[in-house]
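Presented below is the structure to which this report refers.
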Amino acid sequence: MADRTPGARIHDFAEVDSGLTPEEAITEAERCLSCKKPACVQGCPVEIDIPAFLSSVAVGDFLAAARTIRENNLLPAICGRVCPQEVQCEGECILGGKETPVRIGELERFVADYERGQGMAVPEVAGPTWKRVAVVGSGPAGLTAAAELARLGHEVTVYESLHEPGGVLVYGIPEFRLPKEIVRAEIDLLREMGVKILTDQLAGASITVPELLEYDAVFIGTGAGLPYFMGIPGEQLPGVYSANEFLTRVNLMHADRFPEYDTPVRHAARVVVAGGGNVAMDAARVARRLGARVSLVYRRREEDLPARRAEVVRAREEGVEFVLCANPVRVLGDQSVTGVECQRMEMCELDLSGRPEPAPVPGSFFVIDADMFIEAIGQGPNPLLIRKLEGITYGRRGNIEVDDEGRSPLPRVYAAGDVATGAATVILAMGGAKKAARAIDRMLRDTDPEQA
Amino acid sequence: MYRVAESEELADRIFLQWIQAPHVARNARAGQFLIVRIDDHGERVPLTISAVDGDLVRIVFMAVGKTTRQLSTLRRGDSVRDVVGPLGRPSDIRRYGTVAVVGGGAGIASTPIIARAAAEAGNHVIGIIGARNAGLLILEEEMRGICDELHVATDDGSRGRHGFAADVLKDVMARQKIDCAWVIGPAIMMKVTSEATRRAGVRTFVSLNPIMVDGTGMCGSCRVTVGGLTRFACVDGPEFDAHLVNFDLLMQRQRTYPEEERLSLERYQEHTCRCQEGDHRG
Ligand SMILES: Cc1cc2nc3c(=O)[nH]c(=O)nc-3n(C[C@H](O)[C@H](O)[C@H](O)COP(=O)(O)OP(=O)(O)OC[C@H]3O[C@@H](n4cnc5c(N)ncnc54)[C@H](O)[C@@H]3O)c2cc1C
Ligand SMILES: Cc1cc2nc3c(=O)[nH]c(=O)nc-3n(C[C@H](O)[C@H](O)[C@H](O)COP(=O)(O)OP(=O)(O)OC[C@H]3O[C@@H](n4cnc5c(N)ncnc54)[C@H](O)[C@@H]3O)c2cc1C
Ligand code: SF4
Ligand code: SF4
Ligand code: FES
């Protein structure tokens, strides 16, 4: 890793990892054994031909490597940065047994950055099919579906309710992990492929469900943006935020640069973050950069933290204090947050996922002084649009039920990404969206007598 | 970009603008709102959709802070960067019988569209509008045209009845049976007025105005406590059953950023003063 020092990075939002040099990339790629049956590919949800791209890197042909990656992944600069590689491609790499696995993610990122530096070529687009597809949401799922459908010659219109496309990539994941300029470059490419991206358009309101259904097909990629709250006393106090609100204020609205930007965020001296996933780490690290002392409270053990390992390490390096096996039970304060009361948890018998179930230890209450409390305990699909789709069925987490090609019970309506899986990952959203786009393509060609 | 088609100062610090936003106008209904962002540095501020005409939506707002002041300087032909909407659930308009639509201060902005929808649904509509003084009373003629009867109150008695809109409503309720009421204005006015309708057993809607960011259910900034449950005003509201709303928590959350609001405004005013002195010209 080529991380900037924690001391330097907690004072700005510039990228933490400054990436590999060409020499480092070549040396690292040379470690690959070019396995006949590459295990790494099985760990990649979009099945990038990893040994092929690595062998191009090893000989210094970075653009050839980029072409190989792009056959299967349209957002490599993003995935190279945010994929949980340790449980995906790198987790499967054969070298992982004896030594360390090939740093596939970093190499993917290197190749994508190199390609962008050379000016990206607009992907070829097939001749027009004269079919119109509406894509709702412009997160990784929507962007992937749009790119894939455009490439196959369909006319694609993306509806995005925020003023900037990108979904979690722009409002959630902070600049220091994923520079927004990268997301913008990918989106510009989509526009050049002829995709129409309409911002400020809330599907289900600005455009109604019957209007959406006038398209030949509809792809729903509205994500899982609805934040859950813990439901503990004191939650309504000023100074209590969902991680979504806190991150949106800073990432999308640039509240870190208030008053140059109009949107404010509280300037807190002491912040408590509840949760242990990527979202919690991001919130904690952003709060650090705004100058606060930060405690992250998680109800299970260190090894249970669902966040990416590398981000946990970085959060700790940056001075985030981890309070493990503890759970907030009450927010204290009269007019505003003054502290968070927590309770110790002990690990009892295993739950369904094989992790020990945390249970509160009676009487073990303690208070962490704080003037801000951020809840990052998960989020679910936003019901706004999907509850208006008559004929759709829902899973346990409020997600849309679809088959493995993204087909919903409603004819011509497909979905993928967090709205279908519940909060998951960028690459799973992209993998699902690609399958759905292909299924949409087949459906559109089948229903057209002239092209059958 | 969305063009400002018309801009007018209705009363001291209260402005009316028509903005061209076809995607909002097309499906907007009474009780919904929109979000405006003036420019790339701007905040997303929620404003009620006060009327619709073809491609145009009307907003009526009080210039209280940085964003609303900046908005108030826009003239016909200027434009704003973003308009999102229609947001929130439409008012629950039905044939109730006799309906009172009560507006206080800038909250009067929301009343014509509701009163009109209620009238069209076959209700007998009683309008009640109140402001601090006659100079701040807005949309009176329009409301008079829509409502079957209109009552006016001012805090200082400079026009209509001397007192609050709530007092007028109490009188009306004492005289006749009201089946349903809408009460829209500052949180404290809604709180006090809905206490009166609670005692009279009149079903009442209020339109809540917590601080918002996205307006689509994504951030939870707008959460309010209604009937003991946490609800998001931008998607579950903004209208709620007045008698279940915890107004004290709403008012407390509205005061999350007093320092920042002051700073933002001061900085804006300093900047506009310098502009007027010519710094930014030529
Ligand atoms: C803070 C944070 C950090 C994360 N870190 C990682 C990480 O490191 N690695 C990783 O793999 N994953 C990470 N994730 C998860 C990952 O970002 C998501 O799984 C992924 O973004 C899901 O993509 P999506 O396209 O389904 O939805 P989203 O990215 O949520 O995009 C949905 C889009 O739809 C729009 N939308 C919603 N409703 C409507 C509507 N009715 N009309 C119009 N538009 C609408 C939304 O505004 C949004 O832009 C993180 C998530 C968060 C919140
Ligand atoms: C659904 C809804 C409909 C509204 N309709 C109208 C309307 O028709 N006319 C009107 O004059 N006002 C309306 N408001 C209030 C209006 O949004 C605020 O007055 C405006 O945001 C103030 O911005 P500012 O920068 O000028 O002032 P600021 O200096 O930011 O704040 C001044 C006051 O406005 C409140 N406020 C600040 N930011 C927000 C925000 N993002 N959302 C809500 N309140 C905020 C603050 O609590 C403070 O009391 C509505 C609010 C909501 C939630
Ligand atoms: S897309 Fe993600 S999982 Fe696939 S190779 Fe790249 S980093 Fe690994
Ligand atoms: S499993 Fe590891 S060594 Fe084998 S091809 Fe993949 S990256 Fe190379
Ligand atoms: S304003 Fe963000 S959820 Fe309502």
Side-chain angles (χ1 to χ4, degrees), chain A residues 159-164 168 171-172 198-208 211 222-229 231 235-249 252-255 257-267 333-336 375 379 382-385, chain B residues 2 21-24 26-28 32 34-35 37-45 65-67 70 81-88 211 213-225 229-230 232 234-235 246 249-250 252-261 263-268:
Chain A
Y159 292 91
E160 169 56 54
S161 58
L162 290 173
H163 56 261
E164 211 178 306
V168 169
Y171 79 72
L198 304 177
T199 51
D200 296 338
Q201 304 265 349
L202 181 64
S206 318
I207 172 165
T208 60
E211 287 165 339
T222 50
L226 180 82
Y228 296 146
F229 284 91
E235 222 163 33
Q236 294 288 357
L237 284 169
V240 179
Y241 289 79
S242 74
N244 268 11
E245 180 187 354
F246 179 67
L247 291 170
T248 300
R249 283 182 180 269
L252 182 72
M253 306 309 296
H254 307 290
R257 285 155 73 185
F258 177 88
E260 182 195 339
Y261 284 81
D262 292 341
T263 304
V265 68
R266 281 213 161 195
H267 270 264
D334 177 20
Q335 294 299 312
S336 182
E375 298 189 16
Q379 54 248 18
N382 189 329
L384 195 133
L385 168 66
Chain B
Y2 303 87
H23 67 296
V24 181
R26 228 154 28 99
N27 297 317
Q32 293 186 294
L34 48 74
I35 278 186
R37 192 175 70 123
I38 301 179
D39 56 33
D40 281 334
H41 286 220
E43 188 169 11
R44 297 170 63 101
V45 295
K66 148 98 206 295
T67 303
Q70 189 184 352
R81 182 75 186 71
D82 298 287
V83 181
V84 193
L87 301 172
I211 294 177
V213 183
D214 59 298
T216 65
M218 197 194 82
C219 75
S221 163
C222 63
R223 62 192 187 278
V224 289
T225 305
L229 299 173
T230 296
F232 289 2
C234 70
V235 287
N246 186 326
L249 287 179
L250 171 70
Q252 190 177 53
R253 281 189 66 75
Q254 284 175 339
R255 290 187 299 263
T256 300
Y257 302 104
E259 278 307 301
E260 288 82 1
E261 284 157 4
L263 188 68
S264 190
L265 181 59
E266 275 174 18
R267 189 172 173 275
Y268 174 69

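Heavy-atom basis, side chains included; hydrogens, waters and symmetry copies ignored. Lettering of chains follows the sequences in order, A, B, ..., and the numbering in each one begins at 1. Just so we're clear, the structure is a prediction, and the values are computed from it rather than from any experiment.
Looking at heavy atoms from C-beta onward, T263(A) lies out of side-chain contact with H41(B) at the 4.5 angstrom threshold. The closest side-chain heavy-atom distance from R255(B) to P238(A) is not below 4.5 Å. Contact annotation: the side chain of M253(A) approaches that of R37(B) to within less than 4.5 Å [non-hydrogen atoms, C-beta and beyond]. In this structure the side chain of D200(A) reaches within 4.5 angstrom of the side chain of H23(B), judged on heavy atoms. Using a 4.5 Å cut-off on side-chain heavy atoms (C-beta onward), E259(B) and H267(A) make no contact. Residues M218(B) and L162(A) form a side-chain contact, since some pair of their non-hydrogen atoms from C-beta on lies under 4.5 Å apart.
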Could you go step by step and tell me if E235(A) and T230(B) meet the side chain to side chain donor-acceptor pair (under 3.5 Å) rule? CA-CA 9 Å; E235(A) 222 163 33; T230(B) 296; 4.7 Å; no
Using the salt bridge (Lys or Arg N to Asp or Glu O under 4.0 Å) rule, take R266(A) and E260(B) through it: C-alpha gap first, then chi angles, then the decisive distance, then the call. CA-CA 8 Å; R266(A) 281 213 161 195; E260(B) 288 82 1; over 6 Å; no
Full working for side-chain contact (heavy atoms from CB on, under 4.5 Å) between R223(B) and Q236(A): CA-CA 8 Å; R223(B) 62 192 187 278; Q236(A) 294 288 357; 3.5 Å; yes
Before giving the answer on side chain to side chain donor-acceptor pair (under 3.5 Å), spell out for R44(B) and H163(A) the whole-Å C-alpha distance, their side-chain angles and the decisive distance to 0.1 Å. CA-CA 10 Å; R44(B) 297 170 63 101; H163(A) 56 261; 2.8 Å; yes
Assess the residue pair D262(A) and Y268(B) against the criterion (side-chain contact (heavy atoms from CB on, under 4.5 Å)); give the C-alpha distance rounded to whole Å, side-chain angles, the decisive distance to 0.1 Å, and a yes or no. CA-CA 10 Å; D262(A) 292 341; Y268(B) 174 69; over 6 Å; no
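Neither the backbone nor the side chain of H254(A) comes within contact range of chain B; no heavy atoms are under 4.5 Å apart. Within the 4.5 angstrom heavy-atom criterion, only side-chain atoms of Y171(A), from C-beta onward, approach chain B. In this structure, the portion of V265(A) lying under 4.5 Å from any heavy atom of chain B is its backbone and not its side chain. Looking at T208(A), the atoms closer than 4.5 Å to chain B (heavy atoms on both sides) sit in the backbone and in the side chain alike. At a 4.5 Å heavy-atom cutoff, the contact between L226(A) and chain B is made by backbone and side-chain atoms alike. Contacts between R249(A) and chain B at a heavy-atom distance below 4.5 Å involve the side chain alone, from C-beta outward. Using a 4.5 Å cut-off between heavy atoms, V45(B) does not touch chain A at all. Interface remark: V213(B) contributes side-chain atoms only to the contact with chain A (heavy atom separation under 4.5 Å). For L237(A), the parts lying under 4.5 angstrom from a heavy atom of chain B are both the backbone and the side chain.
Heavy-atom minimum distance, E260(A) versus R267(B): CA-NH2, 3.8 Å. When all heavy atoms of A205(A) and P86(B) are compared, the pair lying nearest together is CB-O, 3.2 Å. Taking both residues in full, the closest heavy atoms of P227(A) and G220(B) are given as CG-N, 4.1 Å, listed atom of the first, atom of the second, then distance. Shortest non-hydrogen contact noted between Y261(A) and D40(B) is CE2-O, 3.5 Å. The shortest non-hydrogen separation linking L263(B) to P259(A) is CD2-CG, 4.3 Å.
With Q252(B) contributing its side chain and D334(A) its backbone, the two residues share a donor-acceptor pair below 3.5 Å.
Going from atom CG of N244(A) over to atom OG of S221(B) covers 11.5 Å, rounded to the nearest 0.5 Å.
When each of I211(B), V83(B), V24(B), I35(B) is checked for heavy-atom pairs under 4.5 Å with chain A, V83(B) comes out on top.
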